[in-house]
Structures are given as structure tokens and as C-alpha cells.
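Single-structure report; data block below.
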Number of protein chains: 2
Amino acid sequence: MAQSDTVDRILDAAEELFAERGFSETSLRMITGKAGVNLAAVNYHFGSKKSLIQAVFARFLTPFCIALEAAFDRLEAEAAPEPPDLESVLRVLTSTLVEMPRQHDRSIAIYMRLQGLAYTQSQGHLRRFLEAEYSHTFDRFMRLLKNATPELSAVERYWRNQFMLGATAFTLSSSDALTEILWNKLGVETPNEEIVDHLVPFLAAGMQAHTVAHGNRGNSDSGA
Amino acid sequence: MAQSDTVDRILDAAEELFAERGFSETSLRMITGKAGVNLAAVNYHFGSKKSLIQAVFARFLTPFCIALEAAFDRLEAEAAPEPPDLESVLRVLTSTLVEMPRQHDRSIAIYMRLQGLAYTQSQGHLRRFLEAEYSHTFDRFMRLLKNATPELSAVERYWRNQFMLGATAFTLSSSDALTEILWNKLGVETPNEEIVDHLVPFLAAGMQAHTVAHGNRGNSDSGA
DNA sequence: AATTGTTTGAAACATACGTTTGAGACGGAA
DNA sequence: TTCCGTCTCAAACGTATGTTTCAAACAATT
């Protein structure tokens, strides 16, 4: 095999195993076994298991963020002087996500599940790495979201953001299984692109739900 | 110490450590260390680590499901011949959750995070245990949900259910981290009881979002 | 062909894990 | 007291983990 075919084979295997089993539950021996390379290759090429985890994220997150930023550029240009509305921001995000991983002939579910694990599993180094590397794109998305929902307080928007993220990551991460269950139950097939068509209105409606007044500490500013 | 003080001490320590670190990342030595008991006590009293995990869930899920069923009884009685509406179903669920763990002088965050981990971490035995033990209550909740959203097609309800589940499980499973981030960013502290107050309107609005007509295969029956 | 730097290979490393063992301590019943 | 079942304790078990080692194979340059 070519010089650094090994690197890609390790990344491919790790990507798949991490997604389906989590980080701690996936050993280097499983990865190297699946990849058909020597055990020591991981530490030789990546230095440590932690660095391998980060490399897996970097390989799909870097091109995704580039594509997303470009899509945001187009969106803001189209919307002219007005800031883009909520539903188009969401739709740009999700459609960029859906389009992306075809490059590598991989189900989108894998990347969504990885993204979910990054939040869920307590890997401090990963959170720090993602924060340091991709906070720019994330902040830009948050800014677009903020301009699209000026009526929300900062706190409310923060939580609703998390709800959106959860609904998206959770559903898409198991989209294959969910689609199969639905097929068995109702005889209806739902391609991934169509799940997004169900998802976006749900998210948009949730984001724009009327705020209920509850025991606030008097700190419910509705601005920056 | 009394006869089976040890059992409770182990459960207390395990509960807390599992919630903040996950299952695989928490060793029996951490648990017994924190509990101040001997390492072998876990295998003596519970048989295995898997059984301990299940025991931790059983200790809070069993009384919770009993309380929830009672609350559902009251709700259905109050609503008279009509089925209870969506928001009250959701609110009964969440408020029962919030009220419950005070009995044991414990932050609700721990139980929320445990519940999230049950979905997130790939512990096959746990999922099977919860399915076998608590599916009755879960099914009843699903039935209430169905009667509260008769306008939705079966397909649409299926997906929106997943979105709700995702938003809830995902957010609650990392509520501590998210609360901390929010504190660093905006200087606002959000007790877990209040997260639920943000969550319910979001979910209700999402469930009741207007359906958009998209490429349907002509099979959008709105019945059972 | 000789030499260099890079990559692989099998084996061992030290450590941590869940679990088991067997001896001893405790407390109530005879 | 003697007995017996319950429980605790320190120690060890076997296994699996991430990582390191060092010799061999390889590729490219001189």
C-alpha cells in the first residue's frame, strides 16, 4: 500500500467504530484490526489515541466548515440588506450538512453521531480542540441565528439552540434505524433529504414559540 | 456501619460518578473509593458492574414511573371525556420529573444526565433492562401524545416524536456542561428546573408546527 | 550499490480494569 | 460459649488497554 494509505485506513476505521461504539469503548486494536494495519501505526502516525480522535473530527469538520461559510456568504448576499430569516439559515445549515459527506461515500449518520458524541462523552481534550479550531464558524452561525430571532432573550436563544442541536443530532445520528422502523410500521420510506424537510419546520416553530414568563431572576433582557 | 448501609453508599457514589463521567469511564475502584467501602463489596452485593448500573436506574426510575402513572391518572380524570392536550401532557411529565428526586436530597441534574446517558451510551444490557421494566409507562405516554396531536399524520408524528426525544435527551444529558457554558458567557445561572420551563414550550410549538406539503408519496393518511 | 530517512512488524511494556479468592470480623441463636 | 450465616477486607487473578521498543523492510537520493 502507498505511503500514507495507512493514515486514511486508520481514519476510516476509527471514524466508523467511534461513531457506532463511542471513544472509550473502541480500542486501538479494534481500529487497527478493522483497518488491516499494525497496532503501532496509530501511535506512530498520530502520537496518541486522543490525537487520533481529534484527527477524525478534523477530517470531516474542516471541509464542512469551509462549505458552510461559503453557503453563509451566498445566503447573506442574497438576502440583501436584510438579515436572512430563521428558516433559510436553518435550511442552509442542514442542506450543507446533507450534501457534504457524499464526497467520501459515507452515510451522514456517522458524522451526526460523531458530532453528538463530542457533546455527550466527557472528552475534555476534544471539547477544547473543537472550541479552538471551529469556534469561528460556530459563532457566525450563532450570529445569524441571533439576527433571525431578535425577539428572543439571549438566555432563551441559548437553550433553544441546544434543543435544536439535540433534535438534529439525535435524529440524524440514528436516521438509518429510524427510517427502517418507520418502513416496517407504516410502509413509508423517508430519504435523509426528506427528514430534513420534516425537521426544519419543527425547529423553526420551536425557536419562534411564545416565551412564557416564569420565575426569572429579573435578568431577562431581550437584547445583546 | 449498619448492615446494608454499604449498598446505599455504593448506589449513591455510583449514581453521582456515572452521571458526571459515564459508565465506561467510571471504574469500580472510583465508586468504592468514593463510597468508602471495599472494592469487593460491589461484586458481593450486586454481582457485576452491569447489575450495578441497572440497580442505579431502578432505584430512581421505579418510584418515578409510579408517580408518573399516578399523575397521568389525575390528568386524564381532570380532562374529563376529552383527551388531555399536548402541553399539559408534556408538563405533567416534566414536572413529575422535577418534583421526584427531592425525596433523596439530590440535584435533579444527576437523574436527567443518567436518563440521557441511557440513550446515548451504547449499553445494550441497559436498554434491554429499561425496555423490559418500564415500557408500560413509556407506551402510555406515547398514547397520550397521539391523542393530543390528532391533526398530525402518523408519519409526521413519528418524526416529530423523535425530534422531541432528541432535544430532551441531548440537552438533559449534558445539562451541567451547558449550564456552565452559559454562566461563563452571559453570567446567568439556570437551575435545571428552569431548563424544563424553556424546553416545554419549544417542544409543544415544534409538535404543533404547520405541516408543509412536500414531495409526498400520496400516503399521508392522518389516522392511526 | 551504498546510504539515508521513513514506515512497518512482532513483541513486550506498564498499567488499569472487573472479578475472584480465602481468611477473618461481626452479630444473633442455640 | 459455640455455632452459623452475613458481611468486610487485603490480596491476587486474568485480561485488556494505550504505549514503547527495536529490528527489519522499504523508497528515494547520492
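Below, all heavy atoms of this structure are taken into account, side chains as well, without hydrogens, waters or symmetry copies. Each chain gets a letter, A, B and so on, in the order its sequence line appears, and its residues count up from 1.
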- In whole angstrom, give the distance that lies between atom CG of B:Asp5 and atom C1' of C:dC26. 15 Å
- Task: Compare side-chain N and O positions of A:Ser27 against OP1 and OP2 of D:dT17 and report whether any pair is under 4.0 Å apart.
- Result: yes
- Between A:Thr6 and C:dT7, is there a side-chain N or O to OP1/OP2 distance below 4.0 Å? no
- Query: Within the side chain of A:Tyr158, is there an N or O that forms a donor-acceptor pair under 3.5 Å with the backbone of B:Leu178?
  - Reply: yes
- Any side-chain N or O of A:His45 less than 4.0 Å from the OP1 or OP2 oxygen of C:dT8? yes
- Got a minute to check which stems DNA chain C is part of, using Watson-Crick or G-U wobble pairs under 3.5 Å, three or more consecutive? C:1-23 with D:8-30, C:25-30 with D:1-6
- Message: Considering every strand and a 4.0 Å limit on heavy-atom distances, what is the contact class for A:Thr26: base, sugar-phosphate, or nothing?
- Response: sugar-phosphate
- Applying side chain to side chain contact (heavy atoms under 4.5 Å, CB included) to A:Glu69 and not counting sequence neighbours gives A:His136, A:Thr137, A:Arg140
- Note on the structure: Here the distance between atom P of C:dG18 and atom CZ of B:Phe23, to the nearest Å, is 14 Å
- Between P of C:dT20 and CZ of B:Phe46, the distance in whole Å: 16 Å
- Message: For B:Glu156 and B:Arg160: C-alpha separation, side-chain torsions, deciding distance, then whether salt bridge (Lys or Arg N to Asp or Glu O under 4.0 Å) applies.
- Response: CA-CA 6 Å; B:Glu156 194 85 50; B:Arg160 293 190 179 183; 3.5 Å; yes
- B:Leu52 has an atom CG; how far is it from atom P of C:dG18, in whole Å? 10 Å
- Message: Counting only heavy atoms from other residues, nucleotides and ligands, does the tally under 6.0 Å from NZ of A:Lys50 exceed 12?
- Response: no
- Query: Between C:dT8 atom P and A:Ile10 atom CD1, what is the distance in whole Å?
  - Reply: 8 Å
- Message: Under the rule for side-chain hydrogen bond (donor to acceptor under 3.5 Å, both in side chains), what residues qualify as partners of B:Asp139, not counting sequence neighbours?
- Response: none
- Message: Nearest whole Å is fine: how far is C:dC17 P from B:Glu25 CD?
- Response: 12 Å
- Message: Over all strands shown, is B:Ser24 touching base, sugar-phosphate only, or nothing at heavy-atom distances under 4.0 angstrom?
- Response: nothing
- Message: Ring centres under 6.0 Å, that's the criterion: do A:Phe23 and A:Phe18 meet it?
- Response: yes
- Contact state string [nucleotides 19-24 of chain D, B base, S sugar-phosphate only, - no protein heavy atom under 4.0 Å]: BBB---
- Task: Not counting sequence neighbours, which residues clear side-chain hydrogen bond (donor to acceptor under 3.5 Å, both in side chains) with A:Ser88? List them please.
- Result: A:Asp85
- Query: Under a 4.0 Å N-O cut-off, is there an ion pair linking A:Arg113 with A:Glu20?
  - Reply: no
- Message: Expressed as a whole number of angstroms, how long is the span from B:Ile53:CD1 to C:dC17:P?
- Response: 14 Å
- Any residue meeting ring pair (Phe, Tyr, Trp, His ring centres under 6.0 Å) with B:Phe129, in chain and number order, not counting sequence neighbours: none
